[in-house]
Amino acid sequence: MKISFTLNGKQTGVDVSADRKVVEVLREELMLTGTKEGCGAGECGACTILVDGRARLSCLMTAAQIEGRSITTIEGLSQNGGGMHPVQEAFIENGAVQCGFCTPGMVLSAVDLLDKNSDPTREQIREGLSGNLCRCSGYVKIVDAVEAAALQIRREKAR
Amino acid sequence: MREVILPGSLEELWRLLSDRPQARVYAGGTDLLVRMYKGLLDPEALICLDRIEELKGVGEQDGCVRIGSCATYGRLVEEPLVRCLPALRKAIGQIGSPLVRNMGTIGGNICTASPAGDTLPPLYAMEAEVELLSREGSRRAPIREFITGPGATCLKRAEILSAVWVKKPQEYNVHHFEKVGLRNALACSVVTMAALLRLGPGGMVEKAAFAWGSVAPTVFSCPEAQEALSGKPLSAASLSRAADLVRNVVRPISDVRADADYRRAVAGNLLLRLLDVAYERKG
């Protein structure tokens with residue numbers, strides 16, 4: 001089945017089985033390996049992508065479902081090919097990365113959260129990221145990073 | 001290769017359902033696709049309801065809230081009309097994770113008919129009705145008749161669940177839902193309880209409706225416990241008696257999450273919490 005959609009801002013077409021997992025299409029057909037597959041059952045969040053701006057699980061979507069949609073993966077998050085997204089910068093500055101496997105999903109869930117609420121409490125951050133598991137259990141620094149990113153985003157808006 | 005079709009309208013859906021009677025219908029995919037990708041299901045074709053806007057609306061009619069079956073949990077938590085249904089709203093807010101809530105739908109939770117489906121106890125306690133739609137027309141059925149067993153409903157071939165109707169529970173002044181799971185997020189329920197109470201002067205229970213999840217093959221109601229409390233003041237003693245009745249009649253199973261005795265104990269214990277819940281309400 002031919003599927004066309006917007007991937008990280010660019011019109012894209014692939015020819016894949018309609019029932020193929022979106023995470024496999026991204027990793028194996030389009031070679032975008034930033035999106036990870038952990039559990040394959042919606043319980044770990046490693047496969048998180050943005051679909052029309054909202055965080056979703058790419059392990060629980062069929063390829064057919066992304067027809068006509070706009071997909072953002074971790075590779076496309078840097079703005080217009082320029083600098084990194086404030087959430088990415090904050091993850092680096094706060095040492096919020098250990099093995100890195102959960103990081104793309106964490107970052108994209110945080111982007112969705114901050115898009116809806118640019119001034120979350122730490123509890124709201126924990127709740128917003130509760131679908132993304134970090135098995136290194138480095139959650140404190142991840143929450144620190146999202147808090148710092150929120151501050152940065154608010155500062156940029158205020159300018 | 002398996003076909004996956006996303007009809008854009010109900011007209012198109014009816015055509016597909018009659019052309020492909022073996023196709024499985026899904027909405028969010030958070031249950032069905034897990035099972036399919038694990039190899040537990042092998043449907044000939046899939047029909048995804050995600051693009052049918054007519055199935056996503058939430059409205060108000062005749063004192064009821066009508067919730068479109070394909071409204072996602074995430075959308076429903078934000079929806080002002082769902083604030084009139086506090087027990088349901090509380091249940092929805094605890095399902096899975098934000099990611100699961102961005103995808104999963106209330107209609108999917110009902111049709112999956114899991115004994116652990118988190119929207120089901122509040123829907124049973126509020127005596128919700130499902131709206132079933134086919135090319136021939138629509139019919140309505142009480143949710144407790146629609147769900148016939150674990151994973152089983154009386155949905156007919158070429159019929160879909162189009163909406164759920166919930167009468168605004170204005171006769172109650174305590175609206176409670178509690179979920180016991182093994183962790184705070186991404187937890188399949190060990191026991192859940194929805195409880196609605198009308199408390200009169202002196203804390204007198206004038207009306208009560210309870211429903212439990214994960215303690216029987218389908219959502220469990222306990223008219224004995226409701227009657228035992230009605231007409232009595234809400235107290236530790238009256239709740240304790242009702243809790244004993246509940247523990248005597250639930251039919252839980254043992255599984256990887258909990259054993260039957262634990263579920264039986266918790267099903268009663270959740271009732272005891274109503275004293276705190278009611279006092280909190282009085283502020």
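Naming convention: chains lettered A, B, ... in sequence-line order (proteins, then strands); numbering from 1 in each chain. In what follows, every heavy atom counts, from backbone to side chain, and hydrogens, waters and symmetry copies are set aside.
Distance check: Met103(B) CE to Met61(A) CE gives 5.5 Å after rounding to the nearest 0.5 Å. Taken to the nearest 0.5 Å, the CG atom of Asn132(A) stands 7.5 Å off from the OG atom of Ser97(B).
Residue contact with chain B, scored on non-hydrogen atoms closer than 4.5 Å, is absent for Cys39(A). If you measure heavy-atom distances from Leu113(A) to chain B, you find no contacts under 4.5 Å at all. Heavy-atom distances place no part of Arg126(A) under 4.5 Å from chain B, backbone and side chain included. Interface residue Ser17(A): backbone and side-chain heavy atoms are both found under 4.5 Å from chain B.
Across all their heavy atoms, Arg56(A) and Asn102(B) have their closest contact at NH2-O, 3.6 Å. Closest approach of Leu186(B) to Ser130(A), counting heavy atoms only: CD1-O, 3.6 Å. Between Arg101(B) and Glu127(A), the shortest heavy-atom distance links the atoms NH2-OE2, 2.5 Å. Between Arg51(B) and Glu67(A), the shortest heavy-atom contact is NH2-O, 2.9 Å.
Between the side chains of Tyr37(B) and Thr62(A), no donor N or O sits under 3.5 Å from an acceptor N or O.
For Phe101(A), the CZ atom is densely surrounded, since the number of other residues' heavy atoms within 6.0 Å is greater than 12. Remark: Arg183(B) CZ is packed, more than 12 non-hydrogen atoms of other residues, nucleotides or ligands lying under 6.0 Å away. Summarising the local packing, CG of Asn117(A) is surrounded by more than 12 heavy atoms from other residues, nucleotides or ligands at distances under 6.0 Å. For Arg154(A), the CZ atom sits in a packed shell: over 12 heavy atoms of surrounding residues, nucleotides or ligands are nearer than 6.0 Å.
Looking only at heavy-atom pairs under 4.5 Å with chain A, the residue among Val34(B), Leu99(B), Leu33(B), Leu6(B) that has the most is Leu99(B). Each of Ala55(A), Ala41(A), Cys59(A) has some count of heavy-atom pairs under 4.5 Å with chain B, and the biggest count is that of Ala55(A).
Residues Asp19(A) and Met36(B) meet the side-chain proximity criterion, which asks for heavy atoms closer than 4.5 Å.
With salt bridges taken as basic N to acidic carboxylate O contacts below 4.0 Å, none links Arg54(A) and Glu78(B).
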